[in-house]
Asks: 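Questions regarding the structure given below will be posed in turn.
Below, chains carry the letters A, B, ... as their sequence lines are ordered, and counting in each starts from 1. As the structure is a computational prediction, the values presented were derived from the model and not from experiment.
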Number of protein chains: 2
Amino acid sequence: MNILEKITQHNAVFSKSERKVAEVILANPQTAIHSSIATLAKMSGVSEPTVNRFCRRLDTKGYPDFKLHLAQSLANGTPYVNRHVEENDGPEEYTHKIFESTMASLEVARQSADIATINRAVDLLTQAQKISFFGLGASASVAHDALNKFFRFNVPVIYFEDIIMQRMSCMNSGEGDVVVLISHTGRTKSLVEIAQIARGNDATVMGITSKDSPLAQECNLVLSLEVPEDTDMYMPMASRIAQLILIDILATGFTLRRGNKFRENLKRVKDTLRGSRFDKRGD
Amino acid sequence: MNILEKITQHNAVFSKSERKVAEVILANPQTAIHSSIATLAKMSGVSEPTVNRFCRRLDTKGYPDFKLHLAQSLANGTPYVNRHVEENDGPEEYTHKIFESTMASLEVARQSADIATINRAVDLLTQAQKISFFGLGASASVAHDALNKFFRFNVPVIYFEDIIMQRMSCMNSGEGDVVVLISHTGRTKSLVEIAQIARGNDATVMGITSKDSPLAQECNLVLSLEVPEDTDMYMPMASRIAQLILIDILATGFTLRRGNKFRENLKRVKDTLRGSRFDKRGD
DNA sequence: TGAAAAGTTGTAAAATTACTACATTTGATG
DNA sequence: CATCAAATGTAGTAATTTTACAACTTTTCA
């Protein structure tokens, strides 16, 4: 829907000249909406009809219509576009690109968040006797973070990085236990196996993973976030951030469900940290 | 600023015909932005120049400019605001509030990011013989994540959760080594001590922490992010996300600095993971 | 009340802007 | 290197917007 997004994504489909137009617009969209087609053509070093064709390729009626869409995109509170980092970007460029594309991904995640499933997940977590968080590779740090959050709730929480320990822990799980498995792709073999073991023991298996993945199929409940991952860098970035926000949401839902008294308990946990600090405030 | 509001407020200042135009626009703004000046004039029962005068009275350059402003007003969804979660928020509310306030915080972080310091940090990291990432509590998972990223670069990376191990590791550090210490508050005693030990050994100490904190004072380089933390929940949320993005930025800067061949190496690391997966793509 | 002045509105022509048809160029393929 | 398809630009056309000015309405004050 957002036309700026569309421009970045469609990049491959553009012709050489059209790409020039795209670059000029992305470089300074604010200028673009105040330019006539002739001005924009000159700025891009192409002819006017090329600009016009560019607009039509993006499914707009023509140049004026395109400008309206662009104006809306800019006003939309989301000037964040998934611009990929390029080889000769300087620190200024890649810093902003990473911020912006992360935020663009979060915006997508926000819109695709399934409230009903989240609510169901919070239900299950509040009723759990014991909660385990397992992930491998980049997702291990997400599980680690979940441990840190849920640990404060004074519920039995388990976290292991070691797949043997994860496995053994699941062997000992049973009804009333919740196992949360985190994997962006949902294709990590050992996690899928763990899911099977836990389910075999009647534990509730919750997956923070992509839907329709092998892992998702083994779960009782799947929390999926449609995050367009930037694979250029061969490192998970946005997906992991979205997973963490999901953890925040689950943790928040958990505390709200537990009520007011429980939150005082949280405060107490935090106050206890003071001894290890030079001053107040939380870490 | 919002032109729709302006129309309703300015109502008194309009002439009789101009008010007709205003009414037609307010009745159906979506139609207005897709109409030509002639169509809108006919709908309002006035002449074209009247519509043009109407536009100018609202401080726009003319009809097309007015349409742009109108389009923006209509598109103007909620910009990200740091709305705190409240006690009787339902899943819908708290989910969106958490997304939005995280994004609001990231926006602040983005603007406060100090490019020069980031660049300097990348410099130091690329020249490091050995890189250590240490954090405690919530920041431990950030350090964990950093380990995961930098490990792929085939550089010696160290990560410990245990403060004794952290301490011992710093005792063995020396010139050319970089120690990255992560703490939102920068007041965790044992981290400050570690910083002192590392500096005593001529290692470079880098802090991902808030400026002017005790930890910041012990660092050679401070990467600070001005993130307004939501302390209501007694849990670090946005600060940690910002720290992770900073890790992404440093990692990206690192790979860019190392050049093209190096990135192929990254791809190889990723491809190696395939054996443990049911299919392709990274986790 | 009525005449001048100020303000408002519409008509028609000018200027700007965008679009279309067609010609030329570019690039790929056998 | 000949041929075809795709891409791009030129020039003319159509559309849209804006301007200039004339007609009309309302207000003001003798």
Asks: Provide, to the nearest angstrom, the distance between the CZ atom belonging to B:F54 and the P atom belonging to C:dG10.
Replies: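 Checked: the CZ to P distance equals 15 Å.
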
Asks: What's the separation between atom CD in A:E193 and atom OG in A:S190, rounded to the nearest 0.5 Å?
Replies: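 Interatomic distance, A:E193 CD to A:S190 OG, rounded to 0.5 Å: 6.5 Å.
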
Asks: Take the protein atom CG of B:L68 and the nucleotide atom C1' of C:dT17, then report the distance between them rounded to whole Å.
Replies: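 Rounded to the whole Å, the gap is 14 Å.
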
Asks: State plainly whether the residues B:R110 and B:E107 are in salt-bridge range, i.e. N to O under 4.0 Å.
Replies: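 Between B:E107 and B:R110 there is a salt bridge, with a charged N closer than 4.0 Å to a carboxylate O.
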
Asks: From the set D:dG9, D:dT8, C:dT11, return the single nucleotide nearest to any side-chain atom of A:V46.
Replies: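 Nearest listed nucleotide: D:dG9.
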
Asks: Can you tell me how far apart CD (A:E218) and CD1 (A:I194) are? Round to the nearest 0.5 Å.
Replies: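 These two atoms lie 12.0 Å from each other.
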
Asks: Reckon A:K16 has a side-chain N or O less than 4.0 Å from the OP1 or OP2 of C:dG27?
Replies: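 Checking A:K16 against C:dG27: at least one side-chain N or O falls below 4.0 Å of OP1 or OP2.
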
Asks: So, A:F54 versus A:F66, ring centres under 6.0 angstrom or not?
Replies: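 When the ring centroids of A:F54 and A:F66 are compared, they turn out to be within the sub-6.0 Å range.
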
Asks: With a 4.0 Å limit, can you tell me whether B:S17 has a side-chain N or O closer than that to the phosphate oxygens OP1/OP2 of C:dT8?
Replies: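 No, B:S17 has no side-chain N/O under 4.0 Å of OP1/OP2 on C:dT8.
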
Asks: Determine: side-chain N/O of B:T50 to OP1/OP2 of C:dG10, distance under 4.0 Å, yes or no.
Replies: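 So the side-chain polar atoms of B:T50 do come within 4.0 Å of the phosphate oxygens OP1 or OP2 of C:dG10, strictly under.
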
Asks: From CG of B:L40 over to C1' of D:dT16, roughly how many Å is that when rounded to an integer?
Replies: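 Computing the B:L40:CG to D:dT16:C1' distance gives 13 Å.
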
Asks: Using the salt bridge (charged side-chain N to carboxylate O under 4.0 Å, His left out) rule, take A:E23 and A:K20 through it: C-alpha gap first, then chi angles, then the decisive distance, then the call.
Replies: CA-CA 5 Å; A:E23 274 163 30; A:K20 282 188 210 165; over 6 Å; no

Asks: What is the distance, to the nearest angstrom, from the CZ atom on A:R57 to the P atom on D:dA6?
Replies: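 From A:R57 CZ to D:dA6 P: 12 Å.
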
Asks: Listing request: all salt bridge (charged side-chain N to carboxylate O under 4.0 Å, His left out) pairs with a residue in residues 44-53 of chain A, at least two apart in sequence or in separate chains.
Replies: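 Not a single pair qualifies under salt bridge (charged side-chain N to carboxylate O under 4.0 Å, His left out).
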
Asks: Would you give a per-nucleotide map of nucleotides 17-22 of chain D, 5' to 3', where B means the base has a protein non-hydrogen atom under 4.0 Å away, S means only the sugar-phosphate does, and - means neither?
Replies: BSB---

